[in-house]
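If you're wondering where the values come from, they're calculated on a predicted model, not measured in any experiment. Protein chains get the first letters and strands the later ones, always in sequence-line order, with residue 1 at the start of each. Because only heavy atoms are used, hydrogens play no part in the values below, and waters and symmetry mates are left out as well, while side chains stay in.
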There are 2 protein chains.
Amino acid sequence: MTRDRDNTKRKILEAVGALLARTGFSKVGINTVAREAGVDKALIYRYFGGMPGLLRAFAVHGRFWPTIAELLGGKRESLTSLAEASVTILQGHLAALRSRPVTQEIMRWELQERNELTDELARHREQQGIELMELMNAPAPGQAGGDFAAVAAIVHAGLSYLVLRSKTADSYLGVDLGSEDGWRRIDAAIDEVVRGYVESLARE
Amino acid sequence: MTRDRDNTKRKILEAVGALLARTGFSKVGINTVAREAGVDKALIYRYFGGMPGLLRAFAVHGRFWPTIAELLGGKRESLTSLAEASVTILQGHLAALRSRPVTQEIMRWELQERNELTDELARHREQQGIELMELMNAPAPGQAGGDFAAVAAIVHAGLSYLVLRSKTADSYLGVDLGSEDGWRRIDAAIDEVVRGYVESLARE
DNA sequence: TCTGTATGTCACCGACAGGTGACTTAGTCA
DNA sequence: TGACTAAGTCACCTGTCGGTGACATACAGA
């Protein structure tokens with residue numbers, strides 16, 4: 001065999017991602033990762049110091065969260081109104097999350113367990129979320145007669161939940177989570193509910 | 001020691017609930033349940049046939065899902081409008097879920113794993129969800145110019161996610177998930193967003 | 001009072017987990 | 001070419017898991 005530390009480290013990190021996407025966090029351990037990577041587990045300890053270190057390296061190395069640019073999907077210039085911006089961002093969130101199985105697994109993991117790593121990941125996302133809120137030019141609570149941030153949080157969370165749930169459920173409240181048709185309904189509903197709400201704010 | 005099969009079974013089932021609420025599904029196993037119940041694990045095999053049988057018995061015995069009556073919170077008579085009914089039901093869903101840690105754990109479990117038991121639980125809830133939709137007297141998609149069911153699914157899912165996330169996160173998009181204040185914002189936002197949306201439907 | 005049964009106890013199995021230390025060997029540099 | 005370093009291998013430890021069979025004994029019914 002050839003000896004190549006960097007390549008081995010890469011194989012290990014890739015194994016984490018593959019295992020994560022395929023089997024979820026609960027099955028990711030030293031032994032399974034080593035097996036998946038075709039590498040002796042002692043090397044994981046030598047190169048990453050153990051499971052926590054490996055996960056940290058994995059978290060740092062990967063691009064799990066969509067950039068703001070991706071969320072906007074090249075529509076940055078069209079964000080002329082609060083409704084416009086909100087719909088674009090929320091629809092972008094839905095599409096981005098759906099296309100990232102590993103991110104979904106990380107989010108499932110975050111729901112189960114709290115540790116320094118999940119906290120760090122959460123901090124990063126919370127930070128980005130707040131940037132997004134600013135990008136929507138959201139009015140502060142009360143300022144426009146409504147709590148826009150709280151509404152956005154509900155919808156954002158709802159999209160997250162529907163995507164996470166789609167792995168293990170066929171439908172949710174009658175909406176098919178297994179077909180593109182169902183997701184088109186969700187996508188359209190984002191538009192409906194956000195515009196409806198923002199209009200009601202404007203009317204006050 | 002006294003010999004009392006029924007009491008032992010009860011202790012075992014209670015141990016499942018306690019363990020579930022305290023440590024989540026991933027830590028629920030034959031050994032941990034037996035230890036928690038202060039009982040020999042052989043009895044679990046004798047009385048329940050093993051882990052799947054125990055979980056099934058647990059699922060049957062417990063009241064994890066709020067009844068429709070609880071969701072309505074004694075406001076059945078006031079459901080005069082679509083908006084009224086929807087807000088009441090969604091706020092009821094939020095309160096009910098927040099008060100049920102075991103239900104939350106089951107839902108976390110459902111996000112991770114799919115098996116006959118989670119499927120059965122999901123079927124039951126999907127059924128109840130559809131009843132709720134009918135109770136809201138929801139117009140069919142397209143009938144009122146909007147897909148009410150999809151919007152309701154997003155909001156319903158969002159509330160679920162926020163509650164599940166509150167165990168491991170302090171805030172979500174700037175909304176504090178650890179204080180009653182944050183939840184009051186969510187509660188109010190349900191009202192805002194639903195009314196805003198329903199009004200926009202009426203205006204078409 | 002005796003006896004059968006079912007409740008509860010215990011010891012043990014194989015499999016697999018995380019973790020470690022000693023060994024072999026490939027590649028590099030003097 | 002020889003020697004050193006580090007990459008890779010292997011054997012083995014401890015603990016826990018799910019699962020099972022043999023055993024002890026409390027209790028009810030004859």
**Report entry** P52(A) vs T8(B), nearer the 5' end of DNA chain C by closest nucleotide
**Finding:** T8(B)
Query raised in the report: Can you tell me how far CG of L177(A) sits from CH2 of W183(A), rounded to the nearest 0.5 angstrom?
Result: 5.0 Å
Report task. Could you tell me whether H124(A) atom NE2 has more than 12 heavy atoms of other residues or ligands within 6.0 Å of it? Result -> no
Query - Electrostatic pair E84(B)-R195(B), nearest N-O below 4.0 angstrom - result: yes
Distance-only check: which donor-acceptor pairs under 3.5 Å involve side-chain atoms of residues 99-107 of chain B, not counting sequence neighbours?
residue, atom, partner, partner atom, Å
S99(B), OG, A96(B), O, 3.0
R100(B), NE, F64(B), O, 3.3
R100(B), NH1, E70(B), OE2, 3.1
R100(B), NH1, A96(B), O, 3.3
R100(B), NH2, E70(B), OE1, 2.7
T103(B), OG1, F64(B), O, 2.5
Q104(B), NE2, L97(B), O, 2.9
Q104(B), NE2, R98(B), O, 3.4
E105(B), OE2, R108(B), NH1, 2.8
E105(B), OE2, K167(B), NZ, 3.0

Query raised in the report: Over how many whole Å does the gap from D4(A) atom CG to dA26(C) atom P extend?
Result: 15 Å
Requested in this report: Let me know the distance between CG of N7(A) and C1' of dA6(D), rounded to the nearest Å.
Outcome: 16 Å
Report summary line: Rounded to whole Å, the CZ-P distance (R10(B) to dT7(C)) equals 16 Å
Do any side-chain atoms of residues 10-20 of chain B form donor-acceptor pairs under 3.5 angstrom with protein atoms, and if so which ones, sequence neighbours left out?
residue, atom, partner, partner atom, Å
R10(B), NE, N7(B), OD1, 3.3
R10(B), NH1, E14(B), OE1, 3.2
R10(B), NH1, E14(B), OE2, 2.8
R10(B), NH2, N7(B), OD1, 2.2

**Report entry** R3(A) CZ - dA26(C) P separation (whole Å)
**Finding:** 6 Å
**Report entry** Nearest-Å distance for atom pair NZ/P, residues K9(B) and dG8(C)
**Finding:** 11 Å
Report task. Could you check how far CE of M51(A) sits from P of dT20(C), rounded to whole Å? Result -> 15 Å
Requested in this report: Start with the C-alpha distance between S171(A) and E126(B), add both sets of side-chain angles, then the distance that settles side-chain hydrogen bond (donor to acceptor under 3.5 Å, both in side chains), and finish with yes or no.
Outcome: CA-CA 8 Å; S171(A) 65; E126(B) 186 73 5; 2.9 Å; yes
Report task. Would you jot down, in residue-number order, the residues of residues 17-47 of chain A having a non-hydrogen atom under 4.0 Å from DNA chain D? Result -> D40(A), A42(A), L43(A), R46(A), Y47(A)
